[in-house]
Amino acid sequence: MGILSLNEAFAKPFVKDEEMQAVRKEAIAAYGTLCGRNGEGSDFLGWMDLPENYDKEEFERILAAAEKIKKSCDILVVIGIGGSYLGARAVIEFLRSPLYNNLKKDTPDIYFAGNTISAAALSELFSICEGKDVCINVISKSGTTTEPAVAFRAFRGFLEEKYGKEGAKERIFVTTDREKGALKKLSAERGYETFVVPDDIGGRFSVLSAVGLLPIAVTGIDISALMNGAALARKELLNDDFDNNPALRYVAYRNIFHRQGKSVEMLVGYEPYLQMLNEWWKQLYGESEGKDGKGLLPDSVIFSTDLHSLGQFVQDGSPILFETVLFIKNSGASFLIPNDEENIDGLNFLTGKQLDYVNEQAMKGTLLAHTDGNVPNLVLELEERNEKALGYLLYFFELACAVSGYLLGVNPFNQPGVESYKKNMFALLGKPGYEAEKEKLTKRLK
């Protein structure tokens with residue numbers, strides 16, 4: 001068994017042989033479209049070769065900048081939205097902890113800003129930063145996206161007031177377009193160190209570029225091992241051997257279930273450190289497939305926690321979903337359940353057992369219960385919780401997403417629907433050039 005495998009035992013009973021054979025041909029054809037680089041969005045395929053063909057000089061600068069941040073800062077504020085922050089946060093929480101900022105460590109705390117328009121959230125973060133040495137990494141291709149632009153404006157002022165313009169310059173790290181845009185122009189004028197958002201990689205596929213690697217490296221995570229894991233996935237998964245390629249088989253199952261009327265794919269984790277990875281996955285699949293009136297709705301849960309809130313619906317509710325379970329076989333943690341002489345809770349039969357063992361039995365029991373409730377389950381089994389394994393998993397999901405989008409008949413690499421709310425918001429805020437739209441929208445809101 002390699003780093004990742006697909007357990008189909010809880011999905012096969014729901015799929016007829018003729019269904020699999022029909023989708024098999026389509027999945028191989030969709031894979032051919034991707035690798036032939038002749039499908040819609042083919043100018044955004046830089047992520048495919050990134051694990052091997054990345055900019056080695058920039059990679060070294062990322063490592064150097066991370067060391068500089070570690071030595072000079074108590075807090076790194078990462079400013080970005082969507083793919084500009086979700087990947088980094090997912091990796092940090094998966095490999096370190098959702099409680100990373102509360103752990104004893106010799107690396108800076110990391111907070112994320114610019115992903116909401118919340119006055120409360122921004123004010124609270126500034127309160128946390130008071131009296132601390134702060135650096136910022138702002139991530140935006142254009143520099144004009146509202147949420148991160150407002151946060152960057154505020155934090156740039158904070159740093160310049162605290163350290164002066166020259167001092168602030170040494171604490172501002174910018175990840176943006178290579179040549180153009182408001183943020184690139186400002187960086188050149190102010191002398192900020194810059195890193196590149198690649199032209200041929202969309203935000204949701206950018207975690208293994210400078211977009212994700214700089215904040216990840218600041219936590220002490222081995223980004224070389226992360227890239228090596230992705231490179232291994234590229235080597236093992238870039239083929240059309242349908243019977244032995246877990247990425248293509250994952251694509252096939254999820255599309256079969258979609259055709260059976262399952263409109264929701266629920267990604268299930270059994271560890272709190274998977275929650276932000278779930279969020280990254282939701283953007284990856286939701287933004288890639290959700291267009292032209294098509295696509296599965298990506299949802300997620302953390303069991304066993306959410307079994308006590310959503311478990312009833314999954315078991316007995318509307319038959320609209322299937323589950324993809326992400327199981328980490330070796331979490332690297334150890335916790336023995338202690339004995340209670342009085343056995344007040346009646347759980348002494350668990351004395352001396354590893355808590356991970358109990359968690360695994362909860363997963364198996366849930367798989368059996370949900371499949372008994374006619375909910376198909378795919379199980380992605382990851383051998384370990386480390387950089388190499390996570391790099392492999394990230395590439396697996398990206399590859400499967402691209403193939404699945406082509407199989408579905410959409411461009412997996414654009415996001416036209418994201419612009420609609422922005423236009424309305426700009427009009428309602430009175431942005432110059434939107435006067436006519438403002439009048440129309442204002443009438444609709446009355």
Side-chain angles (χ1 to χ4, degrees), residues 57-82 84-85 88-89 92 100-101 105-197 206 209-220 223:
E57 183 275 333
E58 182 180 58
F59 194 84
E60 291 303 316
R61 288 199 300 112
I62 288 170
L63 291 172
E67 289 303 313
K68 182 178 179 181
I69 292 168
K70 290 179 195 177
K71 293 175 182 177
S72 61
C73 300
D74 303 308
I75 292 174
L76 171 66
V77 178
V78 179
I79 299 173
I81 195 166
S84 294
Y85 92 101
R89 187 167 179 182
I92 291 167
Y100 167 79
N101 287 344
K105 58 189 183 301
D106 56 2
T107 51
D109 290 348
I110 294 187
Y111 290 92
F112 295 88
N115 49 66
T116 72
I117 316 177
S118 167
L122 198 57
S123 298
E124 289 162 3
L125 182 51
F126 272 111
S127 177
I128 290 170
C129 289
E130 286 295 333
K132 303 289 181 66
D133 281 319
V134 178
C135 293
I136 61 176
N137 174 206
V138 57
I139 306 163
S140 175
K141 193 165 180 63
S142 67
T144 58
T145 303
T146 304
E147 295 91 338
V150 168
F152 180 48
R153 177 183 288 206
F155 270 99
R156 188 172 73 248
F158 171 81
L159 292 184
E160 289 178 352
E161 182 177 346
K162 184 178 178 69
Y163 302 105
K165 284 192 175 182
E166 282 300 309
K169 180 182 73 173
E170 300 300 316
R171 295 176 175 274
I172 296 175
F173 301 83
V174 176
T175 309
T176 189
D177 190 90
R178 185 184 300 276
E179 297 178 348
K180 61 184 184 297
L183 193 50
K184 178 63 177 178
K185 182 174 182 287
L186 177 67
S187 299
E189 292 172 353
R190 299 287 179 89
Y192 303 146
E193 182 168 7
T194 61
F195 302 92
V196 175
V197 178
S206 67
S209 73
V211 170
L213 292 181
L214 177 56
I216 291 169
V218 169
T219 68
I223 59 174

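Residues take their numbers from the sequence shown, with the count starting at 1. Note that the structure is a prediction, hence the values are computed from the model and not measured.
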Do other residues, nucleotides or ligands put more than 12 heavy atoms under 6.0 Å from Lys105 NZ?
yes

If you draw a 6.0 Å radius around CD in Glu179, do more than 12 non-hydrogen atoms from other residues or ligands fall strictly inside?
no

Looking at Lys71 and Glu67, is any side-chain nitrogen of the basic one under 4.0 Å from a carboxylate oxygen of the acidic one?
no

With the threshold set at 4.0 Å, does a side-chain nitrogen-carboxylate oxygen contact exist between Glu193 and Lys68?
no

Once rounded to the nearest 0.5 Å, what's the spacing between atom [atom1] of [X] and atom [atom2] of [Y]?
X	Y	atom1	atom2	result
Asp177	Lys141	CG	NZ	4.0 Å
Phe158	Arg171	CZ	CZ	10.0 Å
Glu130	Ile75	CD	CD1	10.0 Å
Asn137	Ile172	CG	CD1	11.0 Å
Tyr192	Lys184	OH	NZ	13.5 Å
Leu183	Thr175	CG	OG1	8.5 Å

Among all residues two or more places apart in sequence or in another chain, which pass the side-chain hydrogen bond (donor to acceptor under 3.5 Å, both in side chains) test with [X]?
X	answer
Glu161	none
Asn115	none
Thr144	Ser142

Between [X] and [Y] (side chain of the first, backbone of the second, donor and acceptor by atom type, cut-off under 3.5 Å), is there such a pair?
X	Y	result
Asp109	Asp74	no
Arg190	Lys165	no
Thr219	Ile216	yes

Are [X] and [Y] close enough that some pair of their side-chain heavy atoms sits under 4.5 Å apart?
X	Y	value
Phe155	Leu122	yes
Val78	Ile139	yes
Ser206	Val197	no

Residues at least two apart in sequence or cross-chain that pass salt bridge (Lys or Arg N to Asp or Glu O under 4.0 Å) with Glu58, listed by chain then number, are none

Considering all heavy atoms of both residues, which atom of [X] and which atom of [Y] are nearest to each other, and what is their separation?
X	Y	value
Tyr100	Pro108	OH-O, 2.6 Å
Leu63	Ile223	CD2-CD1, 3.6 Å
Val134	Cys73	C-SG, 3.8 Å
Ser140	Thr145	OG-OG1, 4.2 Å
Leu125	Ala113	CD2-CB, 3.7 Å
Thr116	Ala121	OG1-CB, 4.2 Å

ring-ring contact (aromatic ring centres under 6.0 Å, His included) with Tyr163: which residues, sequence neighbours excluded?
none

ring-ring contact (aromatic ring centres under 6.0 Å, His included) partners of Phe112, counting only residues at least two apart:
Tyr85

For Tyr111, run the side chain to side chain contact (heavy atoms under 4.5 Å, CB included) check against Ile136, Leu76, Ile128 and tell me which one passes.
Ile128

Under 3.5 Å side-chain donor-acceptor pair for Asp133 and Ser72
no

